[in-house]
4 protein chains.
Amino acid sequence: MSTDAQDTASTPTRIRRAAEEILAEGGYEALSMRKIASRIGLSQAAIYRHYKDKDELVGTIVAAGYAELVALVERLNEKGGSPAEILAHTVRAYVGWAEERPELFKALLLREVRPASAGVAGLAPGVARRRRTFGLLADLLARGMEEGLFARADPELTAQAVWTSIFGLAARLVLEGELPREHREALIERQVNIIVRGLSP
Amino acid sequence: MSTDAQDTASTPTRIRRAAEEILAEGGYEALSMRKIASRIGLSQAAIYRHYKDKDELVGTIVAAGYAELVALVERLNEKGGSPAEILAHTVRAYVGWAEERPELFKALLLREVRPASAGVAGLAPGVARRRRTFGLLADLLARGMEEGLFARADPELTAQAVWTSIFGLAARLVLEGELPREHREALIERQVNIIVRGLSP
Amino acid sequence: MSTDAQDTASTPTRIRRAAEEILAEGGYEALSMRKIASRIGLSQAAIYRHYKDKDELVGTIVAAGYAELVALVERLNEKGGSPAEILAHTVRAYVGWAEERPELFKALLLREVRPASAGVAGLAPGVARRRRTFGLLADLLARGMEEGLFARADPELTAQAVWTSIFGLAARLVLEGELPREHREALIERQVNIIVRGLSP
Amino acid sequence: MSTDAQDTASTPTRIRRAAEEILAEGGYEALSMRKIASRIGLSQAAIYRHYKDKDELVGTIVAAGYAELVALVERLNEKGGSPAEILAHTVRAYVGWAEERPELFKALLLREVRPASAGVAGLAPGVARRRRTFGLLADLLARGMEEGLFARADPELTAQAVWTSIFGLAARLVLEGELPREHREALIERQVNIIVRGLSP
DNA sequence: AATGAATGAGACTTCATTCAT
DNA sequence: AATGAATGAAGTCTCATTCAT
């Protein structure tokens, strides 16, 4: 968020940034300690002073990316509007974020979730209490149900179903890359439309 | 599960099977010619008699997996029923298939699509003509629209939107692994419900 | 020399031809039994029916190439003319042959000579008796000396010295590849001139 | 021969030495990173810390060899004497150097010259300006021409013709290996004689 | 806090050759 | 006379990580 000059940033930050750059340029497979080190003019060994191992480094990046995504969703919820509007905005914002940072999205969401409870797992029951985004989404849906805008149903379960839909769209867009702008937008709107209508009473 | 008799199978088959096993156990990153060879007690070089290189081997596996999926969808469409029923069956079958062969699903659908036109790309315009599954899905939706069951809209675009939803659900289930059976089913039904209602006029 | 149709030629011949083609296209390093076999639609193992091993195959090719070169030099000597003229023609023909079949030239002359006595070794004493080309060259020089055209000296030693000069020119032309036509010719003529004048009394 | 103490030398030096040894024993084809590593009791990967890849390692060796050769020729030109004498000394020194370091000579001069302009290419026009040895040789010949010792001709072209002759002699001596000392010397002197007389007015 | 050096494992691929059929 | 299958060795290179300084 803060745009420090690269040279004055702390070493861990510079490492993280370099890693993100490489991730963005060449994908996860291209990310190696060697490349990170050479990009910031540091020895490979130096990285281990700041991050226990590659897993920890990747973990940090992923966590930061996740926080970004959470902030994005929070902001939308604070802006106000009808639940359906907020939902539509959220879909667009989520997809847009994925397309802007495709490699981060992949690193974040297209990887195995080791212990099912940890990380970005979103399908387990009770997730609305543990994960901020799901809590917000479930609350939003619950409000819509109370207002008679959406059909009554389990808000958490519904949040999960909606999320998998959005996630699927974002994932395909990221994985398939370039698509005609017009078609891409039509697709998003069609999806938004199906979801919103699908929730209606 | 069903066709054992590993020792009597042809070498290419044994190679393919070993590759799928490794894929299933450790994911794509774990797949190496070395491991395949040692697993079936063959020299590394021997593999190259049967598959030009790693790409060809993976390609064969992926193609077979895709064919399986196509056959599955075709069978459902032939069985008859209302478009909404067929659609619901398709979602369940697709998700079920993904969960049964998680690593194949990942190898097939969670990888980058290099030239957007090739491979499993599903979002490009005109895909209904090129890809059997999309053609079937678009036809199904068109029929539903004609019958007044679904709201009128571009069938291909709608097929793509529906597919990304289903794909998203399958992908999350595969990536997150174990989930309570009951919850898993509730989730699928909720998703089916949203999609079908989302399409209704 | 005889231009048989490839299909009717004997298998050993087809093998040899394929090997020469590969040699010409990609150099010695590119020559492999696998490539030869695939080029003529034969199994690798089949080659071993006709040639004991790679060495024998290469040996055969080299021998044939050498015979070609010998025939070339013989023809020039039979055509008549003054020794100086024949010598000049020989230089031009030798260099021209090398440039026409660069890979054969390299396989023939730019490789180690294992037992110093064998193969294409040309510097050992007595070579004029053992090797046809050297015999011809030495005879030519001897005739020139008798005619008072060339300064008197050991004909064999002189033949060797002259040959290394020509060989050096041919080798450099082959190794350095493309050169402006004009410059190439000027270079050859300059070399011919130096040699002929260098032999003059 | 002179600077032993292999154990105390720096790793890059030890790598280079091992490479040269292997080159000397088995030629370029025998040179492999594996062999180098095992010879100095290092892991293969360790070599890559000191040389980017095989090309860089070979390049370093070749460059050093070339520098050696240049220094040799320079020294002879500085020692003084008549152009004919210097030329004769140069031929002897060049051939002697080739015989002392046969594998280096082969690695340096018996390899393909990829882009005709680069590397050790000597036949292209204008080489006298680009390559120190050729410049020296051309200057030497020009001086001889001015002094009326050599017939007037293009000095660069003449230098190239002379060089190919010398190169041819050195190459054959290196390729054919052992030769009776006496015969070898007679051969060199005969070649020197032909060249010097060939240049005379 | 950082470095240079090294490691061991592993990646894919190609080679000449052999053997049973 | 030929094939398909297999082998063992070798090739270059990259990786995450460790350790002494």
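Proteins get letters first, then strands, A, B, ... in listed order; numbering begins at 1 in each.
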Mind checking D:Leu57 for me? I need base, sugar-phosphate or nothing, with any heavy atom below 4.0 Å counting as a touch. nothing
Whole angstroms only, please: what is the CD1-P distance between B:Ile47 and E:dC12? 9 Å
Between F:dA6, E:dA16, F:dC15, which one does the side chain of C:Lys54 approach most closely? E:dA16
Result for 5'-nearest mapping on DNA chain E, choosing between D:His50 and C:Glu29, is D:His50
Name the closest nucleotide to the A:Tyr48 side chain, picking from F:dA16, F:dG4, F:dC19. F:dA16
Checking E:dA11, F:dG11, F:dA5 against the side chain of D:Arg34 (C-beta onward), the nearest is F:dG11
Non-hydrogen side-chain atoms of B:Ile15 and B:Thr11 separated by less than 4.5 Å: yes
Looking at the side chain of B:Met33, which of E:dT13, F:dT12, F:dA2 is the nearest nucleotide? E:dT13
Taking the basic N atoms (NZ, or NE/NH1/NH2) and the acidic carboxylate oxygens, is any pair closer than 4.0 Å for D:Glu103 and D:Lys106? yes
Provide, to the nearest angstrom, the distance between the CD1 atom belonging to C:Ile15 and the P atom belonging to E:dA16. 14 Å
When you measure from the side chain of A:Ala46, which nucleotide among E:dC19, E:dT3, E:dT17 comes out closest? E:dT3
Does E:dC15 have OP1 or OP2 sitting under 4.0 Å from an N or O in the side chain of C:Lys35? yes
Would you indicate what B:Lys52 reaches in the nucleic acid, counting non-hydrogen atoms under 4.0 angstrom: base, sugar-phosphate, or nothing? nothing
Is the backbone of A:Glu56 close enough, under 3.5 Å, to the side chain of A:Thr60 for a donor and an acceptor to pair up by distance? yes
Toward the 5' end of DNA chain E, by each residue's nearest nucleotide, D:Arg49 or B:Gln44: D:Arg49
Does E:dA1 have OP1 or OP2 under 4.0 Å away from a side-chain N or O of A:Thr11? no
Of all the choices, E:dT17, F:dA10, F:dG4, which nucleotide is nearest to the side chain of C:Ser43 once you look at every atom? F:dG4
Pairing of B:Arg39 and B:Glu25 as salt bridge, 4.0 angstrom limit: yes
May I ask you to evaluate whether C:Ser32 reaches the phosphate of E:dT14, defined as a side-chain N or O under 4.0 Å from OP1 or OP2? no
Pairing check on E:dA20: which nucleotide meets the Watson-Crick or G-U wobble criteria with it, both distances under 3.5 Å? F:dT3
Round to the nearest Å and state the distance from D:Tyr51 atom OH to E:dA6 atom P. 12 Å
DNA chain F nearest-nucleotide lookup for C:Leu42 and B:Leu42: closer to the 5′ end is C:Leu42
Looking for any heavy atom pair under 4.0 Å, which part of the strands does A:Leu31 touch: base, sugar-phosphate only, or nothing? sugar-phosphate
Are A:Arg16 and A:Tyr51 side-chain neighbours, meaning at least one heavy-atom pair lies under 4.5 Å? yes
Spacing between D:Ile22 atom CD1 and F:dA10 atom C1', to the nearest angstrom: 14 Å
